[in-house]
Protein chains: 4
Amino acid sequence: MPKVTVEHRTARHDQIVSAARRCAIEQGFHKTTMADVIRESGLSAGAVYGYFKSKDELVSAIADQALSSVDELFEGILASDQPLTPLAALRATLEHVVEIAEQPGGDVTRVALQAWAEAMHNDAIAGIAREKYSLLRHKFAEVARRAQADGTVDADVDPEYIAQVMFALIPGFLLQRLLLGDVTPKTFATGLTALLK
Amino acid sequence: MPKVTVEHRTARHDQIVSAARRCAIEQGFHKTTMADVIRESGLSAGAVYGYFKSKDELVSAIADQALSSVDELFEGILASDQPLTPLAALRATLEHVVEIAEQPGGDVTRVALQAWAEAMHNDAIAGIAREKYSLLRHKFAEVARRAQADGTVDADVDPEYIAQVMFALIPGFLLQRLLLGDVTPKTFATGLTALLK
Amino acid sequence: MPKVTVEHRTARHDQIVSAARRCAIEQGFHKTTMADVIRESGLSAGAVYGYFKSKDELVSAIADQALSSVDELFEGILASDQPLTPLAALRATLEHVVEIAEQPGGDVTRVALQAWAEAMHNDAIAGIAREKYSLLRHKFAEVARRAQADGTVDADVDPEYIAQVMFALIPGFLLQRLLLGDVTPKTFATGLTALLK
Amino acid sequence: MPKVTVEHRTARHDQIVSAARRCAIEQGFHKTTMADVIRESGLSAGAVYGYFKSKDELVSAIADQALSSVDELFEGILASDQPLTPLAALRATLEHVVEIAEQPGGDVTRVALQAWAEAMHNDAIAGIAREKYSLLRHKFAEVARRAQADGTVDADVDPEYIAQVMFALIPGFLLQRLLLGDVTPKTFATGLTALLK
DNA sequence: CATGAATGAGACTTCATTCAT
DNA sequence: AATGAATGAAGTCTCATTCAT
């Protein structure tokens, strides 16, 4: 009974989060009502509130997910021993971002923007964002360190500073992609190559 | 009578926008109620609605302002004839951003984040954002073109692609500044220099 | 303008309290919904909430009123110089209670019972009840003191103790009147006379 | 099987009533949710509903219990042949009340107040209250009759009227005890003695 | 014109009760 | 018989907007 229940709970949980995410992608956190989520999830109000104590909690869950999605990539990339230049790391990241964005079910990166805005006056989300993005930036710092070891990048500079710049390109790319719609990993990498050279 | 009225109207208008901006900086667009704006502006409900037909219209006005603020800088920079490297342009922009952010009355860049999120499902704001950011990016493209003319940057690459990257650094810097709080124009420029070299 | 407004506000306030009291008399605090009060008052939800921040606050207002109603009587009674025996004071009080109870608009004493119950786990109402009933009991103590001065009642006994007993008869009378419906000031005074003699 | 089951059922029944009573003492009938009772009883929702068809039915059961608790005393008192003055009967009753109130598990007299309020618009509880309190008052009438037989009290007065007054003192005492907290059987009896003399 | 009290649709959330397992 | 997840009606409260004064 416990195993069935746990799986069941997880399934329901995901059912709700997915529904809520779909809503948030289309309408943003604030225009999304609990009634929307309830309808979209196919459950009842009581059921949804059995899994999330409040709209805030549900929003945090979606935000968490959206802010985490870029991160996963690095596990694979950094593990390998092959040389990883900053340019290559960035290009891989951008391609990963686009892959995520184009997954069926809607562009989750739109939710990331919502989360950034929300973090300005929602401590829970601000905390999540800080945590996730610190982690991500540390991974860029690791890439920077490798480049410094290779002699490709000036070893005197704090790798965290280099990571700041590398990291910055991700939201910058995302924003242009969503707002202006004319950037692709390819155009971006091309521009980047020209500048770095 | 008309002239006095026009000045009066402008003053009132600004009074409302300032009040609304102060609210949006602290609480975001959605937590800010018209009652908040009315109280903060010191006017009456009727008065506020005399200047803005709806909350949406008021929000658009604040968003517009927040999205424009970075732009102004370039008027001055590009006008001069002295050589302007991408690095120098970026550094100047970042410093300008921080200057704006630290102005008394609250950090307007927080409102820019709100505007990005809002643009995802608000056509008016999406339009404003596209317009303002296209303009800004064109200016970065102009800088890129100058660098290509100087031979500093590969002339074969579409300057718009280079502008995409340069532009990306601004929201990327902003986001880290607001979320993580540990980037400054100096650290950022240092990292950037290391990468570009 | 201020005077009109104040009167207006008071009128609206009373309109709401009256409506809420009518509901509470019939259905009690808890079965009474804000929708009931809103309908009964003839106002809108927003209007009602403009006068009372919450249902709790409205309930406290009604409770306050119900707990105060017995008190008024004493102003007149104690002012006069004529001798006032405990028996006479009680009889007058009971008659006053019945008069209040039979006023058109419903029996307010039913609300007093609600308030007693509510005071058990509502600090605001507990506070009001303590305040009002302390006051009332002090007035009975004053009556006791006069009787002691007259030599009618043993002067050695703390008049507050005597007041406790006198006071007790009021809720005891009220409860029987509402629950059993067979007590009147006359039967009660008759029984009281027999005991006191 | 039947006998075991009956005992089992009774035990379960009491388990539920005790849990519900504990909740009602602390929070009152209305703030107490079935979920509270279910949690406090340690049973499941289904189990509780196996014993009580509805919350109303459960509330009635608790109210019944609370309204009965004073009554028990008289069985013993009246049975004896020793003279029983009204004062002595009252004093014994008050002491019994306090004893009940101070029993571990919470002050049940708080629930009696709830029941009075509830009786105003709940026919089931009103019926119970009428029944229990009529019974109790009849016992006071019996005491009055004995006093009249002794010549202590005017025999011309309807003993029911005397009972009304005696009975009234119980809720009056209870209310002051719960609300003001400064009455004890001793202070009360002292005041009563002073008045009766 | 300005005011700000009033409107009322609609948001979030709770909770008594049921019923598939 | 027992469980407890699920139901969904109904409750409280907010807030953008209007309009009589």
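In what follows, chains are A, B, ... by sequence order, proteins preceding strands, each numbered from 1.
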Phosphate contact (dA2(F) OP1 or OP2) by Arg12(D) side-chain N/O below 4.0 Å:
no

Could you tell me which residues satisfy ring pair (Phe, Tyr, Trp, His ring centres under 6.0 Å) with Phe52(C), sequence neighbours excluded, listed by chain and number?
His13(C)

Can you sort out the partners of Arg39(B) under salt bridge (Lys or Arg N to Asp or Glu O under 4.0 Å), two or more places apart, ordered by chain and number?
Asp36(B)

A side-chain contact here means heavy atoms from C-beta on lying under 4.5 Å apart; do Ile125(A) and Val59(A) qualify?
yes

Looking at His8(C), does any N or O in its side chain come under 4.0 Å of the phosphate oxygens OP1/OP2 on dA6(E)?
yes

At a heavy-atom distance below 4.0 Å, what parts of residues 31-50 of chain D sit against DNA chain F?
Ser44(D), Ala45(D), Gly46(D), Ala47(D)

The side chain to side chain donor-acceptor pair (under 3.5 Å) partners of Ser68(A) (sequence neighbours excluded) come to Asp64(A), Lys132(A)

Partners passing side chain to side chain donor-acceptor pair (under 3.5 Å) against Arg130(B) (at least two apart in sequence or in another chain):
none

Can you tell me how far apart CD1 (Ile62(A)) and CD1 (Ile16(A)) are? Round to the nearest 0.5 Å.
10.5 Å

Residues passing the side chain to side chain contact (heavy atoms under 4.5 Å, CB included) test with Ile38(B), sequence neighbours excluded, are Met34(B), Ala45(B), Val48(B)

Not counting sequence neighbours, list each pair that qualifies as a side chain to side chain donor-acceptor pair (under 3.5 Å) and has a residue in residues 106-124 of chain D.
His30(D)-Glu118(D), Asp107(D)-Thr109(D), Asp107(D)-Arg177(D), Trp116(D)-Tyr133(D)

Here the distance between atom P of dA6(F) and atom CD1 of Ile16(A), to the nearest Å, is 8 Å

So which pairs with a foot in residues 47-61 of chain C pass side chain to side chain donor-acceptor pair (under 3.5 Å), sequence neighbours left out?
none

Partners of Arg22(A) by side chain to side chain donor-acceptor pair (under 3.5 Å), sequence neighbours excluded?
Glu40(A)

Rounded to whole angstrom units, what separation is found between the NE2 atom of His30(C) and the C1' atom of dA16(E)?
17 Å

N/O (side chain, Tyr51(C)) to phosphate O (OP1/OP2, dA5(E)) under 4.0 Å:
no

Check the distance between dA6(E)'s C1' and Arg9(C)'s CZ and give it to me in whole angstrom.
12 Å

Looking at OG1 of Thr32(A) and CD of Glu26(A), how far apart are the two atoms once the value is rounded to the nearest 0.5 Å?
8.5 Å

Go ahead and write out DNA chain F as dot-bracket, 5' to 3': ( ) for pairs within the strand, [ ] for ones crossing earlier pairs, | when the partner sits on another strand, dots for unpaired; Watson-Crick or G-U wobble, both distances under 3.5 Å.
.||||||||||||||||||||

Got a sec? Which of residues 53-62 of chain A come in under 4.0 Å of DNA chain E, heavy atoms?
Ser54(A), Lys55(A)

